[in-house]
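These notes are about the structure you will find just below.
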Amino acid sequence: MNQPKRYLITSALPYANGLKHIGHLAGAYLPADIYVRYLKAQKRDVVYVCGSDEHGTAIPIQATKEGTTAQAIIDKYHPIMEQNFKDLGIDFDIYHRTSDPLHHATAQEFFTKLNNNGDLEIKESDQYFDEQANSFLADRYIKGTCPNCGYESAYGDQCERCGKSLSPDELINPVSTLSGNTPIKKMTKHWYLPLDRHENFLREWILKEHANDWRSTVLGQCKSWIDGGLQARAVTRDLDWGVKVPLKEAEGKVLYVWFDAPIGYISATKQWSVNTGRDWKPYWEDKDTKLVHFIGKDNIVFHCLIFPVMLKLHGNILPDNVPSNEFMNLEGDKMSTSRNWKIEMQDYIDDFINKENGGTQMADVLRYYLTLIAPETKDSEFTWQGFQDANNSELVSIFGNYVNRSLVLMHKLCKGKVPPLHATALTDLDKATMEEVSKSKEKVEALLEQYKFRDALFEVINLSRIGNQYMQKKEPWIVAKQTGENGQPTIEAQESIDNTLHICLQLCANLAILINPFLPFTARKMCYLMKVVDKMLDWENAGKMKLLSVGYSLRPPELLFRKIEDTEIAYQLEKLRSAVVKRDTEAIKETIMEETKIETPNVKPEIVFDDFAKIDLKVGKIVSAEKVEKADKLLKLSVDLGFETRTIVSGIALHFKPEEIVGKQVTVVVNLAPRKMRGIESNGMILMAEDSEGKLHFINPETDINAGAGVS
RNA sequence: GGCGAGGUAGCUCAGUUGGUUAGAGCACAGGAUUCAUAACCCUGAGGUCACGAGUUCAAAUCUCGUUCUCGCUACCA
C-alpha cells in the first residue's frame with residue numbers, strides 16, 4: 001500500500017478476568033504503541049483503539065467462585081488494566097469496554113445484518129442441559145475428568161492442569177457446576193458462521209495477496225487452518241452473560257464471546273467518535289484506511305480468518321497486516337497465570353515505577369528491554385539478568401551516558417550555550433557524523449514501516465554509539481588544553497570544540513526524536529533538558545542538524561537512567577520463585593478441599609443388582625503389548641481370558657511401556673460391545689484405577705490366579 | 001500420528017533470491033583514556049550453523065531422513 005490516507009490500529013482486547021502480565025504487554029500492546037507513536041510523529045491520521053473484553057463464561061464463573069457478581073469482576077479489573085497501560089506509556093486514543101451499551105448495540109447490528117443477508121446458518125444440536133437449574137450449560141459450566149491427564153476438575157473447554165483444550169463431550173463423568181448434578185443432553189438451536197463458504201476467499205487473500213508482507217509464522221498458521229478444512233463456528237451460546245442475540249426466538253442466548261469481542265474494535269472507534277466529534281466511518285469503511293491488528297500468536301485464527309470473514313460480509317475493510325508476535329518465556333519456563341510464573345504489569349509498576357528511585361524512566365526501561373527481546377520471529381526469553389544488563393550496559397552506559405557527557409562538556413567548554421558551527425573548520429569526520437544522523441533516520445523509518453521494532457530500536461541506540469565514537473575521536477577535553485597566552489583555548493581550538501559540541505548536541509536532539517516512539521518518557525525529559533518544546537519531536541525534524549539554536553542556553557544536566565542494582569534483581573528472582581511455591585501450596589489445599597467436597601456428586605446414580613450383573617468381568621493376563629501406530633496414547637494388547645485370547649486397545653501408552661506390562665494380570669470387561677480405535681477393533685476394556693496425581697494402576701487379584709476367573 | 005514455527009558464539013538474536021574468511025549487541029580478555037553514571041573508545045578471543053545423507057563449481061540457505069523445543073490438531077470408550 002502506498003501512503004494510506006488514515007490508519008486504524010488495534011491491540012488485542014485483554015480479557016477482564018485478572019491482571020495482565022508483561023508477556024501480553026510485549027506481544028500486543030508495546031509494538032502497537034511504538035508504531036502508533038511513530039505514525040503520530042509523522043502527523044499521519046491514526047486512531048489507536050483497545051478495550052476490555054468483558055464477556056465469555058469465565059467471568060461469571062469466577063464471580064460465583066469469589067461470591068460476587070460478574071459485573072463486580074469487570075468493574076474491578078477494567079479500570080486497573082486501563083491504568084496499567086497508562087503507567088507503561090501505552091497511549092490508546094480510546095480504551096473502551098465491551099459491557100458498554102454502545103458495544104452491545106454495535107454487535108447486535110452486526111449480527112442482524114449478517115443474519116438478514118443469509119450469511120449465517122442455523123443448526124440444532126444436542127447440548128448439555130442442567131434440569132435442576134433449568135439452563136443449558138456453556139462449556140465452562142461443566143466439570144469432569146480430563147481424558148488427557150485424568151484431572152478430575154477439568155472444565156468443558158479446557159483442562160487447567162494439563163492445559164489441553166477440550167469439548168464438553170470429551171469429559172468423563174460430566175457434572176454441572178450449577179447444581180452438581182449430571183447434566184442431560186437436550187436439543188438447542190444455534191447460529192453458525194459458515195467459514196467453509198469462504199475458503200477460496202481466504203486462500204486467495206492471505207496465501208496469495210499477502211504471501212510476501214505477512215510474517216511467516218502468521219502465514220504458516222493460516223495455511224494450516226485452511227488446509228485442515230474450515231468449519232462452521234457457532235456464533236451464539238446459551239448463557240445470560242454477554243450481548244443478547246437480537247431475535248425473539250433466541251431468548252436466553254447471547255453472542256459467543258469470540259464473535260462480539262473483535263467487534264469491540266469497531267464500537268471503541270465509535271466511542272472515540274462520540275468523544276472527539278470526528279467521524280468513525282471512514283476508519284472502517286474507506287479503502288484508503290490501513291487497518292493493522294497487533295496480537296499474540298494465540299489470536300491468529302480469529303484475526304486472520306474469522307474476523308476478516310465477518311468484516312467482509314458486513315462490508316468493512318480488511319486488515320492490511322496482522323503482525324502477531326510469538327510468546328515470551330520467563331527465566332527458562334513458559335509464562336503462566338495459573339502457575340503464577342509471570343510478572344504482572346502491576347507488579348512491575350509497584351516495584352519499579354512507583355518506587356522512590358523509580359518514576360517514568362523505569363517504564364521506559366521495561367519498554368526498552370521488552371522491545372529488545374520482542375518475540376517477533378520466534379519465542380523469546382525474559383530474564384532479570386538480561387533486563388539488568390540491557391539497562392546498565394546499554395541504556396545507562398551508551399545512550400544515557402552519551403547525552404549526559406554531551407551536556408556536561410557543553411557546560412564546561414561552551415559556557416552552557418549551544419556553540420556555533422564554524423563551516424571553515426569542519427573536518428571530514430564532522431561531515432561524516434552529520435551524515436550518519438540522517439542515515440539513522442532513514443533506517444529507523446524503514447524498519448518501523450516493516451514492523452521490525454527490535455531492529456529499529458537497535459539503530460537508535462547505535463546512533464548514540466556513533467556519537468560516543470565521534471566524541472572520543474575529537475577529544476574536545478584535550479583540545480581545550482591548547483591554550484593561548486590568556487589561558488583560554490586558542491581560536492582554532494575553540495572552533496574545533498564548538499563544532500564538536502554543536503554536532504554532539506544536534507545529535508542528541510535527533511536521538512530524542514528517534515527514541516520517542518520507543519521511550520516516550522525519556523524523549524520528553526530530553527526535550528526538557530534541551531529546553532525545547534515537545535513539538536521538536538515531530539518526525540519531520542529527524543535527520544536535521546539545526547534543531548537547537550546557536551547561543552541558546554540549556555538546563556544543567558540530569559541523568560536519564562539509573563543503574564539497576566544486583567539486589568533488585570535478586571529480589572525479583574526470589575519473588576518469582578516464592579510466588580510459585582505459594583501457588584503450589586494453595587493448589588494442594590484446593591485439591592484437598594475439592595476432593596472432600598466432590599465426593600457426593602462424584603458418585604454415580606444408584607443402580608440395581610441386575611444392572612451390575614449385566615457386566616461380565618473376568619481376570620485376564622496380558623500376553624503381548626505393542627504401541628498403536630499414529631497414536632500417542634494407545635496400546636494394542638493381547639489378553640488371555642482362559643477361554644480365548646482377545647485384542648484390546650487401551651489408552652495407557654503414556655503410563656506404561658509395552659514390555660513392562662506383559663505377563664500382568666488385569667481385570668477385563670468382557671462383554672463390552674466392540675469398538676474400533678485407530679482402525680483396530682477393541683474387544684473389551686481393561687479396568688484401571690487412578691490416583692490423585694493422575695497416575696494409572698491396574699486392578700488385579702492379590703495373587704496370581706488362573707486366567708478367565710470371574711469377578712463379582 | 002498430522003500440520004505449523006523454530007534449533008546459528010557463554011547469553012539474547014540477525015543472516016534477503018545458495019557466492020570470498022558466517023555477523024551484531026551483551027558478557028569475557030588485553031590496551032588506551034578521563035569530558036562522562038568505574039561510564040566511553042580501540043583491539044582480541046569464541047561457532048563442525050542440532051545430526052546424517054544428497055543436489056551443486058559452491059549449502060547456515062535447496063531436497064530427503066533423524067532428533068530436540070514451542071504451538072495447533074488427532075487418537076483417548
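The sequence lines fix the lettering, A, B, ..., with proteins before strands; numbering per chain opens at 1. Keep in mind that what you see is a predicted model, and the values were worked out from it rather than measured. Basis for what follows: all heavy atoms, side chains included, without hydrogens, waters or symmetry-related copies.
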How does each nucleotide of nucleotides 12-18 of chain B score, in 5' to 3' order, for protein heavy atoms under 4.0 Å: base (B), sugar-phosphate only (S), or none (-)? SSS----
Would you check if the side chain of A:Q506 reaches a backbone N or O of A:L548 as a donor-acceptor pair within less than 3.5 Å? yes
Identify whether NZ of Lys or CZ of Arg in A:R555 sits under 6.0 Å from the centre of the six-membered ring of A:Y528 and within 45° of that ring's axis. yes
Just checking, A:K334 and A:F327: is the charged tip under 6.0 Å from the six-membered ring centre and within 45° of the axis? no
Name the one of A:L519, A:L370, A:I564 that satisfies side chain to side chain contact (heavy atoms under 4.5 Å, CB included) with A:V365? A:I564
Below 6.0 angstrom between ring centroids: does that apply to A:Y470 and A:Y402? no
Reading nucleotides 27-37 of chain B from 5' to 3' and marking B where a protein heavy atom lies under 4.0 Å of the base, S where only the sugar-phosphate is that close, and - otherwise, the string is S------SBBB
Counting distance only, does the side-chain N/O of A:K525 pair as donor-acceptor with the main-chain N or O of A:L559 below 3.5 Å? yes
How far, in whole Å, is B:rA29 from B:rU37 if one measures between their P atoms? 24 Å
Whole angstrom is fine here: how far is it from OH in A:Y470 over to C1' in B:rC42? 19 Å
Can you tell me how far P in B:rC57 sits from the matching atom in B:rC51, rounded to whole Å? 25 Å
Looking only at atom P, what distance separates B:rC11 and B:rU16, rounded to whole Å? 22 Å
Syn if the chi torsion is within 90° of 0, anti otherwise; quick check, which is B:rG54? anti
Take A:Y369 and A:F382 through the ring pair (Phe, Tyr, Trp, His ring centres under 6.0 Å) test and state the conclusion after the steps. CA-CA 9 Å; A:Y369 183 54; A:F382 182 107; 5.1 Å; yes
Students often get this wrong, so: under 4.0 angstrom with heavy atoms, is A:K223 touching a base, only sugar-phosphate, or nothing? nothing
Whole angstrom value for the distance that separates C1' of B:rC40 from CZ of A:F399: 15 Å
Side chain A:S324, main chain A:V218, donor-acceptor under 3.5 Å: no
Result for 5'-nearest mapping on RNA chain B, choosing between A:K473 and A:W225, is A:K473
Which whole number of Å gives the distance between the P atom of B:rU34 and that of B:rG15? 41 Å
Can you tell me the distance, in whole Å, between the CG atom of A:N462 and the C1' atom of B:rC26? 14 Å
Rounded P spacing from B:rU69 to B:rA27 in Å: 32 Å
Could you give the CD-to-C1' distance, from A:Q388 to B:rC11, as a whole number of Å? 14 Å
Euclidean distance for P, B:rA39 against B:rG30 (whole angstrom): 15 Å
Measuring only the C1' atom in each nucleotide, how far is B:rA14 from B:rU55? A whole number of Å is fine. 27 Å
Inter-nucleotide C1' distance (B:rA9, B:rC13), Å rounded: 11 Å
OP1 or OP2 of B:rC42 less than 4.0 angstrom from a side-chain nitrogen or oxygen of A:Q469, does that happen here? yes
Protein proximity profile, nucleotides 64-69 of chain B - base contact B, sugar-phosphate-only contact S, no contact -, cut-off 4.0 Å on heavy atoms: ------
